Amino acid sequence: MQDREKKEEHREKNIGQEGRNGQEGRNGQEGRNGLERRTGLETDRQEDREEKLWREAFYQELDAVKRQQMLKEREEVRNIGENADRTTAEIRFMEKLWIARYGKRRPKKDAFVGSLMELKYIAEGGSVDLGGQKRKLAIEIITKLCLFDAEKRNVWEQELLLQELKNAFLKLIDVSRKGRGFTSIVFGMGQLSEESVAKKIADQISMIAFAAPHMLHMDKEFELLQKAALAAFRQEYPQREHFLKK
């Protein structure tokens with residue numbers, strides 16, 4: 001009898017110890033898994049923050065050579081990182097837009113800003129379109145600005161194109177503000193006030209993004225360009241959007 005009681009007691013102790021060991025093991029494993037999940041999440045968040053900051057800097061930079069270098073450096077970082085494939089397609093598309101805008105090697109001219117000026121000339125020429133020449137030029141501009149079938153692109157391509165077009169408008173605004181001929185009163189007699197410069201830039205952007213497409217009945221084709229124009233003007237003149245003629 002005593003032997004059976006001792007055996008039973010020993011068996012209960014073993015079961016209890018196994019239960020505690022199992023629970024501790026599960027708790028330890030769950031703790032490690034939780035830590036790994038939290039660590040992975042924090043890493044993803046850090047990479048997202050870095051990506052966001054880099055993109056903000058890239059799309060605020062107006063110098064073509066510096067932008068090219070930024071793209072190259074970002075591609076190198078992605079190629080050696082753990083998430084190398086994460087934004088590879090996006091970087092490739094950004095490079096494609098850079099080439100469309102500046103050329104394949106060293107930037108020679110800004111084709112996007114040049115296209116904006118062509119739209120300005122279309123608007124300044126009035127509504128008469130002999131032989132449909134203005135519409136033909138507009139179609140060429142759509143191609144140069146990578147706007148052809150823009151609505152059929154996926155969401156992130158549309159967003160990257162929007163940001164690139166916004167950068168082109170920021171470049172146009174910057175060049176205009178720095179041009180003595182643009183900011184001076186007639187015959188160079190003094191400088192325009194900041195308010196007057198803002199109105200003049202608003203008139204220029206209004207012709208490019210709104211008057212020309214309205215005139216040609218091509219607002220749908222230039223919809224993304226219009227959004228980019230608004231975003232750029234709002235950034236530079238947040239309290240003066242009423243100057244725009246939409």
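The first residue of the sequence shown is numbered 1, and numbering continues consecutively from there. Please read these numbers as outputs of a predicted model, since none were measured by experiment.
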- Message: On a heavy-atom basis, which atom in K245 and which in F210 lie closest, and how many Å separate them?
- Response: O-CB, 3.6 Å
- Message: Tell me the closest heavy-atom pair linking A100 and A111, and the distance in Å.
- Response: O-CB, 3.8 Å
- Message: Would you say that Q235 contacts F169 through its side chain, given a criterion of any heavy-atom pair below 4.5 Å between the two side chains?
- Response: no
- Judged by atom type as modelled, is there a donor-acceptor pair below 3.5 Å linking the side chain of Q158 to the main-chain atoms of R153? yes
- Does N167 offer a backbone N or O that forms a donor-acceptor pair with the side chain of E61 under 3.5 Å? no
- Provide the closest heavy-atom pair for Y237 versus I173 in the form atom of the first, atom of the second, distance. CE1-CG2, 4.3 Å
- Parallel, tilted or perpendicular: which describes the rings of F58 and W54, with under 30° parallel and over 60° perpendicular? parallel
- Query: With a 3.5 Å cut-off and no angle check, do the side chains of Q60 and E56 form a donor-acceptor pair?
  - Reply: no
- Item | Under-4.0 Å salt bridge between R67 and E164 | yes
- Message: Is it the case that the side chain of D219 and the backbone of E223 share a donor-acceptor pair, with hydrogens and angles ignored and the cut-off at 3.5 Å?
- Response: no
- Message: I'd like to know if K96 and E157 make a salt bridge, using a cut-off of under 4.0 Å between side-chain N and carboxylate O.
- Response: no
- Task: Enter the distance from Y59:OH to L160:CG here, rounded to the nearest 0.5 Å.
- Result: 4.5 Å
- Query: So, does R240 use its side chain to make a donor-acceptor pair with the main chain of K199 at under 3.5 Å?
  - Reply: no
- Under the salt bridge (Lys or Arg N to Asp or Glu O under 4.0 Å) test, residues paired with K134 that sit two or more places apart: none
- Is it true that atom CZ of F148 has more than 12 heavy atoms of other residues, nucleotides or ligands lying nearer than 6.0 Å? no
- Query: Can you tell which of K200, K171, Q204 makes a side-chain hydrogen bond (donor to acceptor under 3.5 Å, both in side chains) with S176?
  - Reply: Q204
